[in-house]
Amino acid sequence: MTFVRSQPDRAAAVLAAVVGVVLLVVGWFGVSDQGIVAGQIPYLISCGLGGVFALATATTLWVSADLRDEWRKMDAVEAAVLEQNEILRKLAPGSLPTTAAPADRNSHDIPAPAREHA
């Protein structure tokens, strides 16, 4: 239960994968018992497509969880870099560029584009 509480997206992915495999196995046994193609089609549609859909959902959930973990790591790295920059800025003012956006320029500060003469 700790895994389910700490990582619900991965738990849902595992559940979807299990459901997908069960559906594919049930579909396989259902198709293997039918000698007529018309009797196999319902198993292919319900269990086969359902199983493939459940496995695709499981894959999407798992990859999404991995990406979320990577985003958390990148946020931690960014926070550490910003913290180090602040420390360096306090120790040696003026040695690092500021991260603030440049101030808005007035229209008279921006040079007019050169005009082409014909």
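Because the structure is predicted, anything quoted here is derived from the model rather than measured. Atoms considered below: every heavy atom in the structure, side chains included; atoms not considered: hydrogens, waters and symmetry mates.
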Would you tabulate the side-chain donor-acceptor contacts of residues 37-50 under 3.5 Å, counting partners in other chains and residues two or more places apart, or write 'none'?
unit_1 : atom_1 : unit_2 : atom_2 : d
Gln40  : NE2    : Gln34  : O      : 2.9
Ser46  : OG     : Pro42  : O      : 2.8

(request) Considering only Ile, Leu, Val, Met, Phe, Trp and Tyr, and joining two whenever side-chain heavy atoms are under 4.5 Å apart, list the other residues clustered with Leu91. (result) Ile87

(request) Using modelled atom types only, decide if a donor and an acceptor are shared between the side chain of Ser6 and the backbone of Thr2 within a distance under 3.5 Å. (result) yes

(request) Report the residues that fulfil salt bridge (Lys or Arg N to Asp or Glu O under 4.0 Å) with Lys90, sequence neighbours left out, ordered by chain and then residue number. (result) none

(request) Could you note down all residue pairs passing salt bridge (Lys or Arg N to Asp or Glu O under 4.0 Å) where residues 51-62 supplies at least one of them, sequence neighbours left out? (result) none

Which pairs would a plain distance check flag for residues 10-26, meaning a side-chain donor or acceptor within less than 3.5 Å of a matching protein atom at least two apart in sequence or in another chain?
unit_1 : atom_1 : unit_2 : atom_2 : d
Arg10  : NH1    : Gln7   : OE1    : 2.9
Arg10  : NH1    : Asp69  : OD2    : 3.0
Arg10  : NH2    : Asp66  : OD1    : 2.4
Arg10  : NH2    : Asp69  : OD2    : 2.8

(message) Can you list, by chain and residue number, the hydrophobic cluster partners of Val63 when the side-chain cut-off is 4.5 Å?
(response) Leu67, Trp71

(request) Please name all residues satisfying salt bridge (Lys or Arg N to Asp or Glu O under 4.0 Å) with Glu78, sequence neighbours left out, ordered by chain then number. (result) none

(message) Strictly by salt bridge (Lys or Arg N to Asp or Glu O under 4.0 Å), give each pair with a member in residues 46-59 just once, sequence neighbours left out.
(response) none

(message) Through direct or indirect side-chain contacts below 4.5 angstrom among Ile, Leu, Val, Met, Phe, Trp and Tyr, which residues connect to Leu61?
(response) none

